[in-house]
Amino acid sequence: MRFGILAVGSLLGGVSASPLGQLSTSSRPNFLPLIEATIESLTISLEKKDFSSVDLVNAYLARIEEVNDVLNAVTEINPDALAIAAQLDAERANGTTRGTLHGLPILIKNNIATFDQMNNTAGSYALLGAKVSRDSTIAKKLRDAGAIILGKTNLSQWANYRSSNSTNGWSAYGGQVTAAYYPQQDPSGSSSGSGVASSIGLAVAALGTETDGSIVSPSSDNNLVGIKPSVGLTSRSLVIPISEHQDTIGPMARTVKDAATILQVIAGVDPHDNYTSTIPNNGNLPDYLAACKFSALSGARIGVPRNVIELFGPDYYVPQLAAFEKAITTMRAAGAIIVDNTNFTGAAAFFNSTAEIEVLNADFLVNLATYLSELTYNPNDVHNLEDVRKFTQTFALEGYPDRDTAVWDNALDTQGWNNTDPRFWAAYQEDVYFGGAGGLLGTLEQFNLDAVILPTDFASSWAAIIGAPIVTVPLGFMPANTTVVKNSRGLVEEGPNIPFGLSFLGGRFDEATLIGLAYAFEQRTMVRDQVQPYIVPNTELADIVVT
Ligand SMILES: *[C@@H]1O[C@H](CO)[C@@H](O)[C@H](O)[C@H]1NC(C)=O
Ligand SMILES: *[C@@H]1O[C@H](CO)[C@@H](O)[C@H](O)[C@H]1NC(C)=O
Ligand SMILES: *[C@@H]1O[C@H](CO)[C@@H](O)[C@H](O)[C@H]1NC(C)=O
Ligand SMILES: *[C@@H]1O[C@H](CO)[C@@H](O)[C@H](O)[C@H]1NC(C)=O
Ligand SMILES: *[C@@H]1O[C@H](CO)[C@@H](O)[C@H](O)[C@H]1NC(C)=O
Ligand SMILES: *[C@@H]1O[C@H](CO)[C@@H](O)[C@H](O)[C@H]1NC(C)=O
Ligand SMILES: *[C@@H]1O[C@H](CO)[C@@H](O)[C@H](O)[C@H]1NC(C)=O
Ligand SMILES: *[C@@H]1O[C@H](CO)[C@@H](O)[C@H](O)[C@H]1NC(C)=O
Ligand SMILES: CC(=O)N[C@H]1CO[C@H](CO)[C@@H](O)[C@@H]1O
């Protein structure tokens, strides 16, 4: 079971359209293209005053405007972004920096609340105009580190927890996201806009959320590094929920180092989310950036659960599996000890189990009501899932019944019990078995492994049900002769150049280990650079900076 699977006009880039057209090419500063810019490179340039954060915001806004009509990745722009950038520029000018993201624009998924002019809707009109009393903890941590929250990204509506016949990246409020590697490419989901925006440099990076697959899958399909943190490492306070047992917030970035830097900022204990009290070492975090060592694969014990790969079947996955075998060779050459056939003994039975969906349904009924109770303004008076369903089925722009409410109908009518019911614990214990002795955690322990690897398309559920972390990195692309396959709504599901990723799965709160392994693999392969998107914005900093 999976969630998240669960010719472009130019504003400034064209010669005639460019207000800087009179500049000779030699006088244009030679900055790194924004699709390649990293936190480190941008910070160095900001320090050297090559450009300002205001310039950076202007560049990203122009880039969003260039491509958003086609890709729909960004759903709202923060009207305060330029003023915030100016303030951060002033602070830097007098020697003050707030943290590692000082003056860097970041986009966040449209289910992470901010206490500003932006809406937090999960893509639903039911929550348009609703207000919260403070920033979500994650948004506050970003701002405390100096980040500019540039805007909100579009998503699969309700993080893909509404409909059985919708599409990845569609929400009533934001329309349909498409990805940048093939026209009309399915962007995957549910952090669809975050994946697309980060992939082509509409911001330094983006945040996504995951319940089962919603960070790693769109990271995979958009040629990105995604970190799905352990449940409890990143606070869910004032993030529109699905399930307290599975939800987590994480970075989607173009490099492992950028993702690690952002994870450092957003992780940590939060009194508003008691799951964060399970962070080990009294909440003291490891240094995730320092974990990025070229030598990290040397001596690492890495398991390959072949029976999981077999369960997914070959066909479409032939190119992925070939790339996966090549990755194993790369890791061996880097000194890793590959332990083959570290099978998950409960994998086949888990495929038959309904426990995960029962846990999610039960949590959603309670966790959604809690989120709604925290609103300080609730324009459509929705207080629970019944109210939200009624709104959705009667408000024309919600697209009902063409996009049905089958997931909610199942939770409310068929299942009908929540996480205070004794049946919840039976389902949850089943998940604990399939994630533990019968799955990921048991296998790590039995074979004394540092991590397990899988093609990202096969990876999410094994970690989701037990709150374990995953780091995905680019692994390859579908070959140029791939036959194009579209779904019933015209999105391209299979096609040339569509990226796919490699996942490292580990024990709870073992992000630092996974980041190290992912970095050592990334640096040896640099897969991300092998194929370019079919659509990229033209505007670069050189078009913005007036020298
Ligand atoms: C620098 O500027 C910021 C914002 O303008 C201000 O809060 C801070 O006190 C200033 N710091 C110094 C060292 O002048
Ligand atoms: C939030 O929604 C309100 C109501 O539709 C709208 O007026 C406002 O412009 C939105 N905010 C942003 C930042 O787009
Ligand atoms: C968090 O609080 C809830 C409700 O009080 C409780 O059921 C749960 O066990 C707590 N979780 C942790 C990890 O402390
Ligand atoms: C692991 O799974 C693979 C694929 O199903 C199978 O060929 C192999 O025999 C299994 N190994 C063990 C030790 O169970
Ligand atoms: C899964 O369910 C099918 C159909 O009910 C059954 O034949 C099969 O044995 C089950 N597999 C496992 C591993 O439980
Ligand atoms: C959860 O179920 C219990 C028992 O049926 C009920 O009393 C409670 O109101 C439910 N909570 C929510 C948020 O629906
Ligand atoms: C989606 O399902 C609803 C019924 O729940 C149906 O009316 C609608 O036609 C379906 N749409 C598609 C595109 O399958
Ligand atoms: C694509 O090319 C490869 C060899 O280059 C071949 O093995 C494969 O069958 C081709 N696929 C299609 C769909 O034509
Ligand atoms: C910022 C932005 O461009 N938002 C657009 C996102 O998509 C919706 C629906 O297609 C547009 O109405 C917004 O203007």
Side-chain angles (χ1 to χ4, degrees), residues 1 126-127 158 161 236 240-245 247 301-315 317-318 320-322 324-325 328 337-375 378 381-391 405 407-431 433-440 442-449 452-455 457-459 461-462 465 505:
M1 181 186 61
L127 293 178
W158 294 105
Y161 215 69
R236 289 83 50 86
I240 298 173
I242 293 175
S243 160
E244 63 184 272
H245 289 90
D247 293 351
R301 290 178 58 82
I302 296 179
V304 184
R306 291 281 172 195
N307 69 328
V308 169
I309 294 169
E310 195 176 83
L311 277 168
F312 279 86
D315 295 356
Y317 296 110
V318 168
Q320 294 204 35
L321 293 176
F324 183 75
E325 295 307 325
I328 289 177
I337 300 153
I338 302 296
V339 188
D340 219 328
N341 290 310
T342 58
N343 294 350
F344 295 170
T345 52
F350 175 60
F351 267 45
N352 276 358
S353 163
T354 54
E356 182 180 7
I357 195 76
E358 287 166 3
V359 166
L360 298 185
N361 283 340
D363 274 350
F364 189 55
L365 291 170
V366 173
N367 297 155
L368 178 67
T370 302
Y371 177 82
L372 296 172
S373 76
E374 288 169 335
L375 296 176
N378 188 340
D381 222 22
V382 288
H383 300 281
N384 52 42
L385 186 56
E386 293 268 15
D387 294 345
V388 170
R389 178 169 66 173
K390 197 173 298 162
F391 179 93
T405 55
V407 173
W408 301 343
D409 302 338
N410 186 36
L412 287 165
D413 307 333
T414 311
Q415 181 167 322
W417 47 265
N418 67 39
N419 66 11
T420 65
D421 189 281
R423 282 167 284 189
F424 175 80
W425 289 104
Y428 184 62
Q429 289 315 306
E430 226 182 283
D431 276 356
Y433 167 75
F434 286 126
L440 176 61
T443 300
L444 290 169
E445 194 182 311
Q446 186 193 340
F447 296 95
N448 189 25
L449 301 173
V452 154
I453 51 169
L454 282 168
D457 273 358
F458 309 167
S461 297
W462 318 105
I465 53 173
L505 298 81

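One-based numbering, in listed order, for ligands and for the atoms of each. As a basis for the values below, the full set of heavy atoms in this structure was taken, side chains included, without hydrogen atoms, waters or symmetry mates. The residues of the chain are indexed from 1 along the displayed sequence.
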With a 6.0 Å cut-off on ring centres, are F350 and F344 close enough?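 When the ring centroids of F350 and F344 are compared, they turn out to be at least 6.0 Å apart.
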Quick check on the 6.0 Å ring-centre criterion: do Y371 and F364 meet it?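 Y371 vs F364: aromatic centres not under 6.0 Å.
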Subset of ligand 4 atoms that lie under 4.0 Å from at least one heavy atom of N307: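 Going through ligand 4 atom by atom, the ones under 4.0 Å from N307 are 2 (O), 4 (C), 5 (O).
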What protein heavy atom sits nearest atom 1 (C) of ligand 6, and how far off is it?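 Going by distance alone, atom 1 (C) of ligand 6 is nearest to N418 ND2, 1.4 Å.
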Starting from atom 4 (C) of ligand 5, what is the nearest protein heavy atom, named by residue and atom, and what distance separates them?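 Closest protein heavy atom to atom 4 (C) of ligand 5: N352 ND2, 4.6 Å.
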Quick one: which of L454, T443, V452 gives a side chain to side chain contact (heavy atoms under 4.5 Å, CB included) with W462?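 The side chain to side chain contact (heavy atoms under 4.5 Å, CB included) with W462 is passed solely by L454 among L454, T443, V452.
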Flag: protein heavy atom within less than 4.0 Å of [atom]:
| atom | answer |
| --- | --- |
| atom 11 (N) of ligand 4 | yes |
| atom 14 (O) of ligand 5 | yes |
| atom 8 (C) of ligand 5 | yes |

Among V308, I309, N343, which one puts a heavy atom closest to atom 2 (O) of ligand 4?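 Comparing heavy atoms across V308, I309, N343, the nearest one to atom 2 (O) of ligand 4 lies in N343.
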Could you name the option among L311, T342, N341 that has the heavy atom nearest to atom 6 (C) of ligand 4?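 Result: the heavy atom closest to atom 6 (C) of ligand 4 is in N341.
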Side-chain donor/acceptor of [X] to backbone N/O of [Y], under 3.5 Å:
| X | Y | result |
| --- | --- | --- |
| R236 | P241 | no |
| E244 | N367 | no |
| R301 | F447 | yes |

If you count the atoms of ligand 5 from 1 in the order shown, which ones are under 4.0 Å from a heavy atom of A348?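 Listed by number with element: 13 (C).
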Do T414 and N361 have side-chain heavy atoms sitting under 4.5 Å apart?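 Counting from C-beta outward, T414 and N361 never come under 4.5 Å.
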Nitrogen or oxygen of E310 less than 3.5 angstrom from that of ligand 4: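 In this structure, E310 places an N or O atom under 3.5 Å from an N or O of ligand 4.
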